[in-house]
Q: 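The structure that follows is given in the form of structure tokens.
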Amino acid sequence: MNIESILRTEIQEAVQSLFGANLDQVQLQPTNQEFEGSHTLVCFSLTKISKKNPEETGKAIGDYLKEKSSIVSDYNVVKGFLNLSIKDAVWVEMLATIVAQPNYGQLPKNGKEIMIEYSSPNTNKPLHLGHLRNNFLGWSVAELYKANGYKVHKVQIINDRGIHICKSMAAWKLYGNGETPKTTGIKGDHLVGKYYVEFNTRLTEQVKELETKGVAKEEAEKQAPIMKVAIDMLRKWEYRDEETLALWKMMNGWVYEGFETTYKKMGVDFDKLYYESNTFLLGKEQVITGVEKGVFFKKEDGSVWVDLTADGLDQKVLLRSDGTSVYMTQDIGTAILRFHDYPNITGQVYTVGNEQEYHFKVLFLILQKLGYEWAKHCYHLSYGMVDLPTGKMKSREGTVVDADDLIDEMISEAKRQTLELGKTDEMSEAEASKLFEMIGLGALKFFLLKVDPKKKMLFDPNESIQLQGFTGPFIQYTHARIKAILRKAESMQVVISPDTFKGIEALASTEREVIRVISAFEGKLKEAVKDFSPAVIANYTYEVAKAYNQFYQSVPIFTEADADKLAFRIALSKSVANVLKRSMGLLGIEVPERM
RNA sequence: GGUCCGAUAGCUCAACUGGAUAGAGCAUCAGCCUUCUAAGCUGACGGUUCGGGGUUCGAGUCCCUGUCGGAUCACCA
């Protein structure tokens with residue numbers, strides 16, 4: 001059952017019958033809280049058809065509906081807005097249809113297949129706050145696609161080669177004394193990151209020293225001994241030097257082990273991993289065939305370029321004069337490989353920060369020029385940077401918020417506050433520690449996902465660990481409260497099949513509102529995927545919890561004498577719990593049975 | 001300099017894609033626990049939607065213009 005589509009049809013009939021005109025677009029919107037009703041028809045645009053002023057138009061349609069409609073119970077017109085009330089019996093029926101759907105919130109399969117990329121870190125340092133937004137966002141968008149009936153492949157490209165990792169390797173080789181994660185007890189990605197920092201520290205020193213000897217800064221950076229070692233390693237890597245490859249494999253191995261731990265804590269996963277070291281050669285081949293086809297051109301020094309000036313962009317280098325590849329080359333190879341691996345995908349979504357908008361514009365254009373039709377269905381899911389109250393995160397200034405640290409802090413803060421409220425007194429230790437984790441991670445994920453991905457956001461550590469108001473824990477709490485009610489109902493053996501409450505005729509306004517909100521779920525799923533925005537779901541989830549809490553506060557459940565009404569309220573509560581669990585699940589957030 | 005984003009309550013964010021008197025949370029203040037979990041609920045306070053023009057029945061939303069932020073324009077990734 002869909003109230004909106006019934007209303008649309010009936011309004012079209014009304015307009016046809018009253019004014020003899022076809023109405024192809026019906027402007028329906030939710031009624032403002034302050035007015036009576038749930039659905040509002042905006043009448044201004046109808047005045048041309050009706051030849052009446054908005055008020056009279058609304059009144060005419062309202063009268064017609066009140067008499068003829070199967071679902072409208074009443075109406076009022078305020079300044080050209082026709083507010084319609086729906087019969088309570090219809091709302092009750094609405095709830096019954098929701099209760100009858102065990103998979104409410106899962107749209108039917110549509111046969112389409114899509115690939116979503118996110119995370120895609122460099123292998124020279126641990127994950128940070130920026131990666132958290134990226135990962136939660138990408139993972140959640142993948143879930144949104146699934147909920148909308150798509151088959152989804154979650155992937156990442158691991159930037160495992162290049163000068164960045166050579167820097168860590170160089171510093172480790174020179175100053176590492178053979179340290180390993182085992183000997184130091186340091187998590188692998190952090191250990192490698194330590195040597196990346198070490199590299200930069202040493203480099204700065206050496207550059208300074210050279211500068212005092214009169215060498216220009218730019219030149220000094222190239223001449224610094226440690227930089228020479230790194231560049232030499234990069235060259236050796238390309239020539240498959242065994243010792244260098246062994247070191248590279250070992251240190252990357254440490255990083256992967258560390259990443260795996262972090263991903264597991266974060267609750268994100270991937271269906272397939274792509275490694276730059278495996279795809280850049282394919283990219284090179286593609287560029288060379290592109291030259292043969294005349295899509296790209298070669299300069300005298302041997303470098304290969306693409307000319308995008310006709311598309312309003314610049315010329316872009318694709319291969320260096322020494323024949324080595326650049327970032328773009330690798331991305332061309334990766335994209336082609338993916339469509340080869342998954343021939344049925346209709347498109348690809350790249351979850352990458354907005355500083356790379358230009359890069360992806362160029363990439364998609366190049367793929368089109370190479371003749372790949374699917375390039376039109378590649379989308380850059382561009383999200384805004386995460387800023388701190390102190391400004392931007394800068395690795396050089398040590399203001400980067402480490403992902404592992406942040407997650408640990410969130411969990412211990414959740415623990416502190418939960419213990420303070422005495423919520424775990426009757427819990428086993430295992431249940432309690434699972435709860436702290438749920439709350440801490442829930443707060444963090446919700447905080448990062450509730451903001452429109454396109455916008456840059458401010459991460460205030462103090463605000464993110466808030467557990468009241470528009471937060472993840474607030475939703476989790478609402479869910480836990482409902483679960484308590486359901487447990488009690490079960491022990492009382494309340495039967496909640498629709499038959500038990502179909503006779504109900506009058507509803508409290510908060511009950512009506514709860515049904516209205518949960519019945520909007522599937523529309524929200526479509527909106528969220530269309531906008532690539534988990535924020536739509538986060539806002540919606542809050543709306544559901546808020547509506548339920550108002551009901552909870554004003555309508556008693558177990559003191560209700562009428563068995564049908566009791567059953568109805570239990571069913572309503574259960575549906576809300578399901579919607580909360582499902583929608584929070586789309587954000588990657590678990591909800592507890594008690595808290 | 002070119003291109004692209006952004007600017008909404010003291011702070012962090014919404015606003016159903018052009019609709020009603022612009023809404024939430026935090027913060028501040030005032031109420032509600034003998035009743036299903038008070039991480040909750042109710043109320044108060046808080047706005048020239050960056051400035052200026054325009055389009056129309058109607059603009060935070062669309063167009064023009066100015067100001068201020070940010071990103072990007074590498075043989076970096």
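All values below were derived from every heavy atom in this structure, side-chain atoms included, with hydrogens, water molecules and symmetry-related copies excluded. Quick note on labels: first sequence line is chain A, next is B, and so on, each numbered from 1.
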Q: Under 4.0 Å, heavy atoms only, any strand: does I163(A) hit a base, just the sugar-phosphate, or nothing?
A: nothing

Q: Contact class for K455(A) vs. all strands (heavy atom < 4.0 Å): base, sugar-phosphate, or nothing?
A: sugar-phosphate

Q: Using 4.0 Å as the upper bound for N to carboxylate O, is an ion pair formed by E55(A) and K59(A)?
A: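 Salt bridge absent between K59(A) and E55(A).
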
Q: Does G60(B) have a Watson-Crick or wobble partner in any strand here, with both distances under 3.5 angstrom, and which is it?
A: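 Check on G60(B): unpaired, no WC or wobble geometry under 3.5 Å.
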
Q: Does F558(A) reach a base, just sugar-phosphate, or nothing at all? Heavy atoms under 4.0 Å.
A: base

Q: Applying a 4.0 Å non-hydrogen cut-off, can you work out what D452(A) is touching in the nucleic acid: base, sugar-phosphate, or nothing?
A: sugar-phosphate

Q: By the rule that syn is within 90° of 0, classify the base conformation of U17(B) as syn or anti.
A: syn

Q: Need one value for N462(A): base, sugar-phosphate or nothing, where a base atom within 4.0 Å counts as base even if backbone is also close, heavy atoms only.
A: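 Counting heavy atoms under 4.0 Å across all strands, no contact is made by N462(A).
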
Q: Could you give the distance separating A20(B) and G60(B) at their P atoms, to the nearest angstrom?
A: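 Going atom to atom, P in each nucleotide, I get 9 Å.
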
Q: Under 4.0 Å, heavy atoms only, any strand: does Q356(A) hit a base, just the sugar-phosphate, or nothing?
A: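 Base, at least one base atom sits under 4.0 Å.
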
Q: Can you check C4(B) for me, syn or anti if syn means within 90° of 0?
A: anti

Q: Applying the Watson-Crick and G-U wobble criteria at under 3.5 Å, what pairs with U72(B)? Answer none if nothing qualifies.
A: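 Its partner is G2(B) (Watson-Crick or G-U wobble, both distances under 3.5 Å).
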
Q: Could you work out which one of A20(B), C73(B), C16(B) sits closest to the side chain of P30(A)?
A: C16(B)

Q: Picking from C41(B), A77(B), U12(B), which would you name as closest to the side chain of E276(A)?
A: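 Among C41(B), A77(B), U12(B), the one nearest the side chain of E276(A) is A77(B).
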
Q: Would you mind reading off the distance between Q33(A) atom CD and A15(B) atom C1', rounded to a whole angstrom?
A: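 After rounding, the gap between these two atoms is 14 Å.
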
Q: Base, sugar-phosphate alone, or nothing: which one does Q466(A) contact when heavy atoms must sit under 4.0 Å apart?
A: sugar-phosphate

Q: When the C1' atoms of C4(B) and U56(B) are compared, how many Å lie between them, rounded to an integer?
A: 30 Å

Q: Do the charged groups of E426(A) and R594(A) touch, with an N to O distance under 4.0 Å?
A: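 Here E426(A) does not pair with R594(A) in a salt bridge, since their nearest N and O are not under 4.0 Å apart.
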
Q: For the C1' atoms, the ones on U17(B) and on G10(B), what distance do you get once it is rounded to whole angstrom?
A: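 That atom pair is separated by 30 Å.
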
Q: What is the nucleic acid contact for K526(A), judged by heavy atoms within less than 4.0 Å: base, sugar-phosphate only, or nothing?
A: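 Counting heavy atoms under 4.0 Å across all strands, no contact is made by K526(A).
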
Q: Stacking between Y477(A) and A39(B), defined as ring centres under 5.5 angstrom apart with planes under 30°, is that present or not?
A: no

Q: Rounded off to whole Å, could you give me the CG-to-P distance for the D460(A) and G10(B) pair?
A: 18 Å

Q: Quick check: are there more than 12 heavy atoms from other residues, nucleotides or ligands sitting under 6.0 Å from NZ of K299(A)?
A: yes

Q: Measure from the side-chain heavy atoms of Y552(A) and tell me the nearest of C41(B), C36(B), A77(B).
A: C36(B)

Q: From the options I157(A), N278(A), L281(A), select the one residue that forms a side chain to side chain contact (heavy atoms under 4.5 Å, CB included) with Q330(A).
A: I157(A)

Q: Can you work out whether M328(A) or S45(A) has the more 5'-proximal nearest nucleotide on RNA chain B?
A: S45(A)

Q: To the nearest Å, how far apart are F459(A) CZ and C13(B) P?
A: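 That distance rounds to 12 Å.
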
Q: Is the charged tip of R133(A) near the ring of Y383(A): under 6.0 Å from the six-membered ring centre and within 45° of its axis?
A: no

Q: Taking the P atom of each, how far is A44(B) from U35(B), in whole Å?
A: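 One P to the other, the span is 28 Å.
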
Q: If we take the C1' atom in both G43(B) and A24(B), what is their distance in whole Å?
A: 15 Å

Q: Under 3.5 Å, is there an N or O donor on one side and an acceptor on the other linking the side chain of T478(A) and the base of A39(B)?
A: no

Q: If I pick the C1' atom on A77(B) and the same atom on G19(B), what distance separates them, to the nearest angstrom?
A: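 My reading of the C1' atoms in G19(B) and A77(B) gives 46 Å.
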
Q: Base, sugar-phosphate, or nothing: which does A480(A) touch, judged by heavy atoms less than 4.0 Å apart?
A: base

Q: Given A71(B), A39(B), A77(B), identify the nucleotide with an atom nearest to the side chain of K423(A).
A: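 Shortest atom-to-atom distance from the side chain points to A39(B).
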
Q: I'd like to know if K565(A) and E560(A) make a salt bridge, using a cut-off of under 4.0 Å between side-chain N and carboxylate O.
A: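 Looking at K565(A) and E560(A), the cut-off is not met.
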
Q: Using Watson-Crick or G-U wobble geometry with both distances below 3.5 Å, tell me the partner of C33(B), or none.
A: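 Its partner is none (no Watson-Crick or G-U wobble pair with both distances under 3.5 Å).
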
Q: Once you round it to whole Å, what is the distance between P of U8(B) and NZ of K456(A)?
A: 9 Å

Q: Categorize M595(A) for me: base, sugar-phosphate, or nothing, with a 4.0 angstrom heavy-atom threshold over every strand shown.
A: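 The residue M595(A) makes base contact.
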
Q: Can you find a pair of side-chain heavy atoms, one from M438(A) and one from V591(A), that are under 4.5 Å apart?
A: no

Q: Record whether the side chain of D331(A) comes under 3.5 Å of the base of A77(B) through a donor-acceptor pair of N or O atoms.
A: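 Side chain to base: no pair present.
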
Q: Taking the P atom of each, how far is A9(B) from G51(B), in whole Å?
A: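 Nearest-Å result for A9(B) against G51(B) at atom P: 11 Å.
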
Q: Using atom P in both nucleotides, what's the gap between C26(B) and U42(B) to the nearest angstrom?
A: 12 Å

Q: The side chain of Y358(A) lies closest to which of these nucleotides: A38(B), G25(B), U72(B)?
A: U72(B)

Q: Determine the sole option in I515(A), V576(A), L572(A) for which the side chain to side chain contact (heavy atoms under 4.5 Å, CB included) test with F551(A) is passed.
A: L572(A)

Q: If stacking means aromatic ring centre less than 5.5 angstrom from the base's six-membered ring centre, planes under 30°, is Y542(A) stacked on A24(B)?
A: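 Check failed, Y542(A) does not stack on base of A24(B).
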
Q: Starting from C1' on A38(B), measure out to CG on L467(A) and report it in whole angstrom.
A: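 Rounding to the nearest Å, CG of L467(A) and C1' of A38(B) are 14 Å apart.
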
Q: Report the distance from atom CD of Q468(A) to atom P of C41(B), rounded to the nearest whole Å.
A: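 Those two atoms, CD and P, are 11 Å apart.
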
Q: Flag the pair E590(A) and K581(A) as a salt bridge only when some basic side-chain nitrogen lies within less than 4.0 angstrom of an acidic carboxylate oxygen.
A: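 Salt bridge flag = no for K581(A) with E590(A).
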
Q: Across the strands shown, which category fits Q330(A) at heavy-atom distances under 4.0 angstrom: base, sugar-phosphate, nothing?
A: nothing

Q: Give N83(A) one of three labels, base, sugar-phosphate or nothing, depending on what nucleic acid heavy atoms sit under 4.0 Å from its own.
A: base

Q: Classify F474(A) by what it touches in the nucleic acid, base, sugar-phosphate, or nothing, heavy-atom distance under 4.0 Å.
A: sugar-phosphate

Q: Base, sugar-phosphate or nothing for K546(A)? Non-hydrogen atoms, less than 4.0 Å.
A: sugar-phosphate

